[in-house]
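Reminder, nothing fancy here: chain letters follow the sequence lines and each chain counts from 1.
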Number of protein chains: 2
Amino acid sequence: MRMTPITLKKNQYALRAVFELAKRRGKGPTKISDIADAQSIPVRFLEVILNKLKGSGMIDAKRGFYGGYYLTRAPKQIRVADIMNFMQAPPKQEMCAACLAKSKCPYGHRCAFSAMWNRVNRAVLQVYNETTIQDLLDNDRQLQGKHRSPRKRHFKTQQGRSL
Amino acid sequence: MRMTPITLKKNQYALRAVFELAKRRGKGPTKISDIADAQSIPVRFLEVILNKLKGSGMIDAKRGFYGGYYLTRAPKQIRVADIMNFMQAPPKQEMCAACLAKSKCPYGHRCAFSAMWNRVNRAVLQVYNETTIQDLLDNDRQLQGKHRSPRKRHFKTQQGRSL
DNA sequence: AGTTTGCTGACCCTTTTAGTCAAGAAGTCG
DNA sequence: CGACTTCTTGACTAAAAGGGTCAGCAAACT
C-alpha cells in the first residue's frame, strides 16, 4: 500500500545531510563531498540544498582548506519539522490552507473536506514536530548495534517507544 | 506553513466525485457532466478517473439515455482510504516501504529514519481509514446550514468531533 | 600565488501529472 | 430500425515539477 510522496527527494536529502552533520558534530566542518559520499547524494545537488539550508540558520559553512559545513545547534534543538518547513518552497500564490490544493479552492474553508485535510496535516506535522535529530541519532546507534554501554536493556522495539 | 502534496489532483477529483454521487444517491444515475459541473472538474479528465474508479467496485455505470454513474455501497461503507488506496498507481518497481523513497533505498529497513516515516504513514492512513463518505456528507450538511431538524445541538466544533 | 572549498544562478533533462480527443459500444426513445 | 444519449477506452499532448548539472566566482587556508 503506497502513499503519495510526503517527502520530496530534496527534503530527504536535506534531512539526511543534517543527520550526517549531527553524526560528525565536534569534529570540525564537514566537506560537501564527504556528506554526499556518506549519504549517497549527488554532490552538485547537495551543494544547492546545503546552501539553501544555510538560510535557516541551523547550519553554517566555512570556506577554504579546512572548510565545510557544520551544525550551529545541538541535535536535540533541531526538529525534523524545522527542516521540512524550511525546505518547502514559499507558497507562490495564495493556496487553500485547508485542503492543500495548489490554488485557493472555490469552496474555501467551508468545504466538506477541509476538516479531514486539516487532520491529516496536523497528524503529519505532529510527527515532524516531536522528532529531533537527536532522536534519529539515537535510533541509528541502536540499529548499528553501537551501544554506548553494554548495560542490560529491556527491549524497546519500534512499537514500544524507540522513536 | 505548507505541506508537501499529500493529495494528487486525480485523487481529490476521485474523492469529490464519489462525494457528489453520494449526495445524489437514490436519484438514479448521475451523468459525468453533471458531476463535473457540480465539482468543477474537467469533464474529459473525470471520464478517465471515474472509469478507473469503477474497477474498485464502489461505483458502477449505466450507459444510454438515462445513464450515468452511481454508488454501489452506502456512503457509510466507503472510507476515504478505499478511494485513496485504489487510486494510487500500483508500485512499478520495488520501493522502500519504510521511507517512501521511490526506489528501494540502500539502507533498507535498518535506516535511522524508517521508524519516523512509518509513523507519518500510519498517521495519515489512520485519518483516511476513519473517515467515511458519510462523515463528509454530514460535514457538508452542517456547513451548508441544512440541518435536518432544527433541534438544539450542543456545539461540536471541528476540534470536538465533527469529523 | 595557488589550492581547496563553498556560493550561486543559469541551465537542462526526465518523469509525473494533468488534461484532451476521437471512435466505438451500449442503452433509450419513438 | 434510426437517432440520440451516455459511458468506454486507448492513444495522444501539454505543462509542470522534480532532479540534477555546470561554470565561474568568492573566500579561506598554506
Margin query: If the threshold is 4.0 Å, N to carboxylate O, is there a salt bridge linking B:Glu20 and B:Arg24?
Written below: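 Counted as a salt bridge, because a side-chain N and a carboxylate O are separated by less than 4.0 Å.
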Check: Is there side-chain contact between A:Arg119 and B:Glu130, with heavy atoms separated by less than 4.5 Å?
Finding: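 In short, these two side chains touch, coming nearer than 4.5 Å.
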What integer distance in Å separates [X]:[atom1] from [N]:[atom2]?
X: B:Leu8; N: C:dT15; atom1: CG; atom2: P; value: 18 Å
X: A:Ile41; N: D:dT21; atom1: CD1; atom2: C1'; value: 16 Å
X: A:Lys52; N: C:dG9; atom1: NZ; atom2: C1'; value: 14 Å
X: A:Gln88; N: D:dG18; atom1: CD; atom2: C1'; value: 13 Å
X: B:Lys10; N: D:dA17; atom1: NZ; atom2: P; value: 17 Å
X: B:Phe65; N: D:dG2; atom1: CZ; atom2: C1'; value: 15 Å
X: A:Gln39; N: D:dG19; atom1: CD; atom2: P; value: 17 Å

Item checked: End axis versus end axis in the helix from C:dA1-D:dT30 to C:dG30-D:dC1, the angle rounded to 10°, five pairs used at each terminus ->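 Axis angle across the helix from C:dA1-D:dT30 to C:dG30-D:dC1, nearest 10°: 10°.
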Item checked: A:Tyr13 side-chain N/O to D:dG19 phosphate OP1/OP2 under 4.0 Å ->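 False: A:Tyr13 side-chain N/O out of range (4.0 Å or more) of D:dG19 OP1/OP2.
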Check: Between B:Tyr69 and D:dT8, is there a side-chain N or O to OP1/OP2 distance below 4.0 Å?
Finding: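 B:Tyr69 to D:dT8 OP1/OP2: side-chain N or O found under 4.0 Å.
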Next item on the list: Using side-chain hydrogen bond (donor to acceptor under 3.5 Å, both in side chains) as the criterion, list what pairs up with B:Glu47, not counting sequence neighbours.
Entry: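 With neighbours one apart ignored, the set is empty.
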Would you list the atom pairs, donor with acceptor, under 3.5 Å between side chains in residues 58-69 of chain B and any protein atom, with sequence neighbours excluded?
none

Next item on the list: For DNA chain C, determine which residues of residues 53-64 of chain B have any heavy atom closer than 4.0 angstrom to one of its atoms, and list them numerically.
Entry: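 Only B:Lys62, B:Arg63, B:Gly64 qualify.
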Notebook entry, point to check: Considering only heavy atoms, which members of residues 43-51 of chain A lie under 4.0 Å from some atom of DNA chain C?
Noted result: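 Heavy-atom contacts with DNA chain C come from A:Glu47, A:Asn51.
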Check: Taking only residues two or more places apart in sequence, or in another chain, which ones meet A:Lys31 in a side-chain contact (heavy atoms from CB on, under 4.5 Å)?
Finding: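 Once residues adjacent in sequence are excluded, the partners of A:Lys31 under the side-chain contact (heavy atoms from CB on, under 4.5 Å) criterion are A:Ser33, A:Asp34.
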Notebook entry, point to check: Which residues satisfy the side-chain contact (heavy atoms from CB on, under 4.5 Å) test with B:Ala14, sequence neighbours excluded?
Noted result: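 If we apply the side-chain contact (heavy atoms from CB on, under 4.5 Å) test to B:Ala14, skipping adjacent residues, the hits are B:Ile49, B:Leu53, B:Ile83, B:Met87.
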Enumerate donor-acceptor pairs with a distance under 3.5 Å from any side-chain N or O in residues 73-82 of chain B to protein atoms, sequence neighbours excluded.
{"residue": "B:Arg73", "atom": "NH1", "partner": "B:Gln77", "partner atom": "O", "Å": "3.0"}
{"residue": "B:Arg79", "atom": "NE", "partner": "B:Asp82", "partner atom": "OD1", "Å": "3.4"}
{"residue": "B:Arg79", "atom": "NH1", "partner": "B:Asn129", "partner atom": "OD1", "Å": "2.5"}
{"residue": "B:Arg79", "atom": "NH2", "partner": "B:Asp82", "partner atom": "OD1", "Å": "2.7"}
{"residue": "B:Asp82", "atom": "OD2", "partner": "B:Arg79", "partner atom": "N", "Å": "2.8"}

Item checked: Strand contacts (DNA chain D) in residues 27-37 of chain B, 4.0 angstrom heavy-atom criterion ->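 Heavy-atom cutoff 4.0 Å gives B:Thr30, B:Lys31, B:Ile32.
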Notebook entry, point to check: Which hydrophobic side chains are connected to A:Val48, either touching it within the sub-4.5 Å cutoff or through other members that do?
Noted result: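 ILVMFWY cluster around A:Val48 holds nothing else.
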Next item on the list: Please go through B:Tyr70's hydrophobic cluster and name the other residues, only I, L, V, M, F, W, Y counting, with side-chain heavy atoms under 4.5 Å joining them.
Entry: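 Listed partners: none, B:Tyr70 stands alone.
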Notebook entry, point to check: How would you list all residue pairs meeting ring pair (Phe, Tyr, Trp, His ring centres under 6.0 Å) that involve residues 25-50 of chain A, not counting sequence neighbours?
Noted result: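 Of all non-adjacent pairs touching residues 25-50 of chain A, those that pass ring pair (Phe, Tyr, Trp, His ring centres under 6.0 Å) are A:Tyr13-A:Phe45.
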